[in-house]
Amino acid sequence: MNSPIQLTSLAEAESRLALPYAGEDYGLADCPVILVELTAADLSQWLLPQTADLLKSTPAVMVASVPDDRDPADTPKLAEICDLFDIVLASGDSAMPGGVPADEIGQIAAAAAAAPDAAVMLAQLLRLSEGRATADGLVAESLAYSTLQSGPQFRGWLDRQPARLVPDNPEPAVLAERAKSTLRLTLNRPERHNAFSAEMRDGLVEQLRAAWADPSLDGIVLNGAGPTFCSGGDLAEFGTTPDPGTAHRVRSVRSAAFWINRLAAKTRVIVHGTCVGAGVELPAYAHDVVAHPDATFRLPEVAMGLVPGAGGTVSIARRIGRQRLCYFALTNTEINTATALSWGLIDRIER
C-alpha cells in the first residue's frame with residue numbers, strides 16, 4: 001500500500017486532523033491520501049460534529065475503508081459516516097452504494113502521488129459543488145480548472161506533448177438537421193475523433209441557444225460522426241489561451257454544459273466508441289444517454305494535472321455520486337458500457 005498515511009479509526013483520525021498544522025501537512029503531502037479504516041467500534045458511537053467538519057475540510061483525498069465484520073443493523077450509521085468521505089472502499093458482503101473495491105487503494109494512492117495538486121482540488125471541488133445549482137457548480141469547476149492550468153503539474157504534462165497539426169476542414173464542426181420537431185446535432189470532426197475544440201464548442205452552443213429559443217422543438221438528438229463520439233478536449237489547443245482568467249471568462253459565457261442542462265428534458269445523446277473527457281461530461285446532462293455496446297468512458301484530466309472542465313463535476317456527480325466520480329476521475333479508469341449502466345452513467349445500451 002503506497003498511501004503514506006493510514007489512520008486506524010475515526011477516533012485517531014479526529015485526533016490527528018485536529019492538530020494545528022494537520023491541513024498543511026496533509027494537503028502538501030507528496031501523496032495526499034488519508035485512509036481511515038473504519039472499525040465496528042466506530043459504528044457504535046455517534047459522530048461528533050467537529051469530526052464531520054474535520055473530515056470534510058481537510059485538504060486531502062479522504063478515503064474510508066468499510067469493515068467486513070459489521071453488524072447489518074449498523075448500515076444506516078455506516079452510510080452516514082461514509083458520506084463524509086471522498087472515496088469509499090468496500091468489498092464482498094460489505095458493498096456500499098458508490099463504493100469501489102478495497103484493492104483499488106494502491107491505484108488511488110499512485111494517482112494522487114502523480115498529481116497531488118489536481119487530486120486535492122478534485123476532492124475539494126466535488127465537496128463544494130454537491131447539492132448546489134448547476135450554474136454555481138460550473139463556476140466553481142471553471143475556477144478550479146483555470147487555477148490548475150497555471151500549475152506545474154499541467155505545465156509539465158503540456159511540455160511533454162508533441163506538436164499537433166490540425167488539418168483544415170471547411171465543414172461545420174457541428175452539423176444540424178431538422179426533421180419535423182426534432183433537431184439532430186452531430187459532432188463533425190471524425191478525422192480528429194471529434195476532439196472538442198473551441199470551434200466545436202461554439203458551434204454546439206450556437207445550435208443549443210437557437211433550440212432554446214424555438215418552442216416548436218420537442219426533441220434534440222446529439223451524436224458523433226465517425227468511429228468516436230468524442231475524444232475529449234482538443235489537445236492541439238491546450239495551453240493556447242492567453243491566461244487562466246481569460247479562459248475562465250470564456251468558459252463562463254460559452255458553456256455547452258449550461259445549455260445542454262437547460263435543454264436536458266428534451267435531449268437524447270447517442271454515444272459510441274471512445275468517450276473521453278467532454279465526451280463523458282456533456283452527455284451526462286441529458287435525460288437520456290444511449291450507448292452502443294462498443295462505447296468506453298474515461299476521465300483523464302487529473303493525470304494531466306487538471307480536473308474535468310466541461311461540466312462533469314456537476315453532471316457526472318448527479319448521475320453516479322460524488323464518491324464514485326472522485327475515484328473515476330482520480331484514477332483515469334476506463335469503464336465499459338456494462339459498468340457505465342450499472343453506475344447510472346448511461347441509461348440504455350443499444351446497437
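Quick caveat: nothing in here was measured; it's all calculated off a predicted structure.
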Measure from the side-chain N and O atoms of [X] to the backbone N and O of [Y], and report whether any donor-acceptor pair falls under 3.5 Å.
| X | Y | answer |
| --- | --- | --- |
| Glu281 | Gly311 | yes |
| Glu177 | Arg184 | no |
| Ser255 | Ser252 | no |

Does a side chain donor of either [X] or [Y] reach within less than 3.5 Å of an acceptor in the other side chain?
| X | Y | value |
| --- | --- | --- |
| Arg155 | Ser150 | no |
| Asp86 | Gln323 | no |
| Thr228 | Asn194 | no |

Is any side-chain heavy atom of Ile81 less than 4.5 Å from a side-chain heavy atom of Leu10? yes
Any cation-pi pair here, Arg319 with Trp343, using under 6.0 Å and within 45°? no
Between the side chains of [Y] and [X], is the shortest nitrogen-to-carboxylate-oxygen separation below 4.0 Å, so that they form an ion pair?
| X | Y | result |
| --- | --- | --- |
| Glu199 | Arg189 | yes |
| Lys266 | Asp218 | no |
| Arg201 | Asp234 | no |
| Glu130 | Arg322 | yes |

Among all residues two or more places apart in sequence or in another chain, which pass the salt bridge (charged side-chain N to carboxylate O under 4.0 Å, His left out) test with Asp214? Arg178
According to a hydrophobic-cluster definition based on side-chain heavy atoms being under 4.5 Å apart (Ile, Leu, Val, Met, Phe, Trp, Tyr only), do Val307 and Leu158 belong together? yes
